[in-house]
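Some notes on the structure that comes next.
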Amino acid sequence: MYFLRLYLKLMDKVNQVLFWIVGILLGAVFVLLVSQVYFRYVMNSSLSWSEEAARYLTIWIVFLGVALGLRRKRLIAVEVVVQFVPKKLEFAFRMLVLLVSLVLMAFLFYFGIRMGITVSNKTSTAMGIPMWIPYAAIPIGTLLTLLNAIAAMIEMFTEKEASAT
Amino acid sequence: MTAVLLVLMFVLLFLSVPIAFAMAAATIVSVYVFSDFPIEVVTQKMFTALDSFPLLAIPLFVLAGKLMETGGISRRLINLASAFVGHTAGGYAAVGVVTCLFFGTMTGSSAATVAAIGSILIPAMISRGYSPRFSAGAIAVPGELSSIIPPSIPMILYGVTTGTSIGTIFIAGVIPGIILGLMLLATVFVISKRHGYGGDVEKANWREKLKAIKESAAAMFMPVIILGGIYAGVFTPTEAAAVAVLYALIIGKFVYKELKIRSLIGFFAEAAITTASIMIIIAAAGLLSWYLTLNMIPQQAAEFLTEISGNHIVYLLLVNLLLLIVGMFFEASSAILVLAPILTPVAIQFGIDPVHFGIIMIVNLAMGMVTPPVGVNLFVSCQIANISLEEVTKGVLPFYIVLLFNILLISYWPALSMWLPSLM
């Protein structure tokens, strides 16, 4: 029990940091694109790498953001059936959803790493960075989502126990 | 084997597995069982689906909307609308429709519009004796204008998945959006007249009108920058989105002075999470589409659709019907990502312009935002009005006739969508 609570606390800390990171990354995308317009019209010379950088940063935002989205129940789902099932079944449904998410994330984590290794000898066209850097968003993002799915499961169990007593 | 994929996907969907996860999981199982592709190709397909410059407009328009919600812009737009239509029957409801029209030119998300405008207007309407169900409905329905009036996230997605110019679709949405806005204005007027809502506010004099215009002028300049910039070819929709964020920051901070720099990073992070929840669906849909295309499903579906419809009139009716049903259960973005690549080529075969067809799809799916059981605008507005989903649905019922009429009008009168782009 103590260990579980510690895990939840730790994940809250991780998510706090993650929240700042995705905010900063989106800020960077914004700055890059504004500079792109500025350079083209004011300095009369186009930046060659800003577009690529913005694209890769956005991919990072998406995979990291999903981890927070899962924990905050912000991922878009079809909730028609769940709303109408009895409370007990609802618990089972939600648990199953987290379990499916967990398995999927574990899978994407593993194959994300394999894909990262496959592309590691390639470099990007504009910036010339190794391609594993943008691809690393997938394993890292899915790992964080997996950890959050576990946290959400723990939370569901502790809440159930709390309401039972 | 595609049947296995679809059954698995729908089972997961109705278990309430997030849409993106359901699509990805079902596809991965199918790739693993039925094909001999190396399985890591799956992560590559998700990556490449997101690796697109036009898609970057999504995080930025989400961010711009967030900044306008908090930077004092929505309130000034409401003041402006009140000065002009506040005194009519159903004054507040009319103000709601007009504000949604303005707001739609600045943001691309309907749920955000309902939240921003509804949280101010719905309580005000209820306290003035409008019925809660009408108050909630009269904001939920015009909220969908945000998807029809550019900029619009569903339009960006349609452009990216079908290879149609996003700038052109944006311009094409202007007239259909204004027409729907006027029709909704007439509807709230008629309903309010019958129930005796509003009409008790004194008409604003020209001095008050001028003051409202002056206060909101900075905000109203936003659509000029976005649409004007795209129309004149100064920047791409993605760059326009970045400039919109910059503009919202400047007027929120320096003109209206309601934006605090300290809280900015929080807004950015919130917008990033919203972005992730939309764009992870794009990644998964990219994977799903790749697998379906590999198995010639879009071609087969296209052949089937061409055969049973025979001509463009029947085809459009079929599309209208299909999208209305799909819209009841799925939100617009995921429906467009999956269906646009299948439906659009058939439309082109029947001689329908892909730009016009995009507007048709979006107007149809926008109605799905206000139909139960899954309608984001209804969810947001019934929460604000503190009533049940059933109640707010009764409130939007009279609007359905208008929405359906509007869908048919836009489907069968191409000039409404195509006239403005033809001037470009």
Side-chain angles (χ1 to χ4, degrees), chain A residues 18-27 29-30 32-34 36-37 40-41 51 54-56 58-59 61-70 72 74-83 93-94 96-97 100-101 103-105 107-108 111-112 114-116 118-119 134-135 137-139 141, chain B residues 12-22 24-25 28 38-44 46-47 50-53 55-56 58-60 63 234-235 238-239 241-243 245-246 264-283 329-331 333-334 373-374 376:
Chain A
L18 201 55
F19 186 78
W20 292 102
I21 291 177
V22 291
I24 291 166
L25 290 181
L26 183 54
V29 170
F30 162 62
L32 278 169
L33 291 175
V34 170
Q36 179 170 318
V37 177
R40 194 166 68 231
Y41 283 102
E51 177 185 324
R55 272 189 283 129
Y56 293 162
T58 305
I59 292 173
I61 291 171
V62 173
F63 282 96
L64 294 179
V66 166
L68 292 173
L70 180 122
R72 297 173 177 217
R74 293 263 295 271
L75 298 181
I76 302 163
V78 182
E79 305 249 347
V80 201
V81 182
V82 182
Q83 282 168 355
F93 265 50
R94 299 216 181 270
L96 192 62
V97 168
V100 171
S101 311
V103 173
L104 177 69
M105 289 307 129
F107 182 91
L108 289 176
F111 286 103
R114 296 248 314 246
M115 194 65 215
T118 311
V119 297
Y135 265 93
I138 298 178
Chain B
L12 292 176
L13 278 177
F14 286 111
L15 278 171
S16 81
V17 173
I19 294 178
F21 292 1
I28 288 169
I39 200 88
E40 56 262 45
V41 82
V42 159
T43 52
Q44 189 200 7
M46 294 180 82
F47 183 92
L50 290 176
D51 191 10
S52 133
F53 188 64
L55 286 180
L56 298 191
I58 294 174
L60 295 166
L63 184 57
V234 178
F235 26 64
T238 306
E239 291 168 343
V243 174
V245 172
L246 182 69
L264 267 189
I265 187 93
F267 293 146
F268 276 68
E270 282 295 330
I273 297 173
T274 306
T275 300
S277 71
I278 299 171
M279 288 186 71
I280 192 66
I281 301 177
I282 301 175
F329 296 95
F330 294 89
E331 41 72 65
S333 305
S334 20
V374 180
V376 277

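Only a predicted model underlies this, so the values are computations on that prediction, with no experimental measurement involved. By convention in this document, chain letters (A, B, ...) are assigned in the order of the sequence lines, proteins followed by strands, and residues within each chain are numbered from 1.
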With chain A, the option among B:A25, B:S334, B:S333, B:A272 that has the most non-hydrogen atom pairs under 4.5 Å is B:A272
Pair count under 4.5 Å, heavy atoms only, with chain B: among A:R74, A:R114, A:E79, A:M105, highest is A:R74
All heavy atoms of A:E51 vs all of B:F53, minimum pair found to be CG-CD1, 3.1 Å
Interatomic distance, CG@B:L15 vs CG@A:L96, rounded to 0.5 Å, equals 5.5 Å
Scanning both residues in full, the closest heavy-atom pair of A:I138 with B:T43 reads CD1-O, 3.5 Å
When every non-hydrogen atom of B:P18 is compared with those of A:A77, the smallest separation belongs to CA-CB, 3.8 Å
Closest non-hydrogen atoms of A:L33 and B:A242, given as atom of the first, atom of the second and distance, are CB-CB, 3.7 Å
Below 4.5 Å, heavy atoms only, C-beta onward: do B:M279 and A:T58 meet side chain to side chain?
-> yes
Here the gap from B:I28 atom CD1 to A:F111 atom CZ, rounded to the nearest 0.5 Å, amounts to 9.0 Å
Under 4.5 Å to a heavy atom of chain B? For A:V22 that would be both
Bottom line for B:L264: the part with an atom under 4.5 Å from chain A's heavy atoms is neither
Residues at least two apart in sequence or cross-chain that pass ring-ring contact (aromatic ring centres under 6.0 Å, His included) with B:F47, listed by chain then number, are A:Y135
Okay, B:L55 and chain A: the region with an atom under 4.5 Å from a heavy atom over there is neither
Shortest non-hydrogen pair, B:E270 vs A:F19, comes out as OE2-CE1, 3.8 Å
Under 4.5 Å to a heavy atom of chain A? For B:V17 that would be both
Most heavy-atom pairs under 4.5 Å with chain A, out of B:I282, B:V243, B:V234, belong to B:V234
dist B:T275:OG1 -> A:L25:CG (nearest 0.5 Å) comes out at 11.5 Å
Minimal heavy-atom distance between A:L75 and B:F21, with the atoms involved, is CD1-CZ, 3.8 Å
Taken to the nearest 0.5 Å, the spacing of B:I278 CD1 from A:I76 CD1 works out to 6.0 Å
Turns out that what part of A:P134 lies under 4.5 Å from chain B's heavy atoms comes down to both
Looking only at B:I281, B:D51, B:V42, most heavy-atom pairs under 4.5 Å shared with chain A are made by B:D51
Among A:I59, A:L68, A:V82, A:V81, the residue with the most heavy-atom pairs under 4.5 Å to chain B is A:I59
Taken to the nearest 0.5 Å, the spacing of B:M46 CE from A:L108 CG works out to 5.5 Å
Of A:G141, A:S101, A:G69, the largest count of non-hydrogen pairs under 4.5 angstrom with chain B goes to A:S101
Output for pair (B:L56 CG, A:I61 CD1), nearest 0.5 Å, gives 8.5 Å
When the 4.5 angstrom heavy-atom criterion is applied to B:E331 and chain A, the contacting part is side chain
With sequence neighbours left out, the residues meeting ring-ring contact (aromatic ring centres under 6.0 Å, His included) with B:F330 are none
Of the listed B:A271, B:A20, B:S52, the one with the largest count of heavy-atom pairs under 4.5 Å with chain A is B:S52
The interface call for A:I24 against chain B, heavy-atom contacts under 4.5 Å, is both
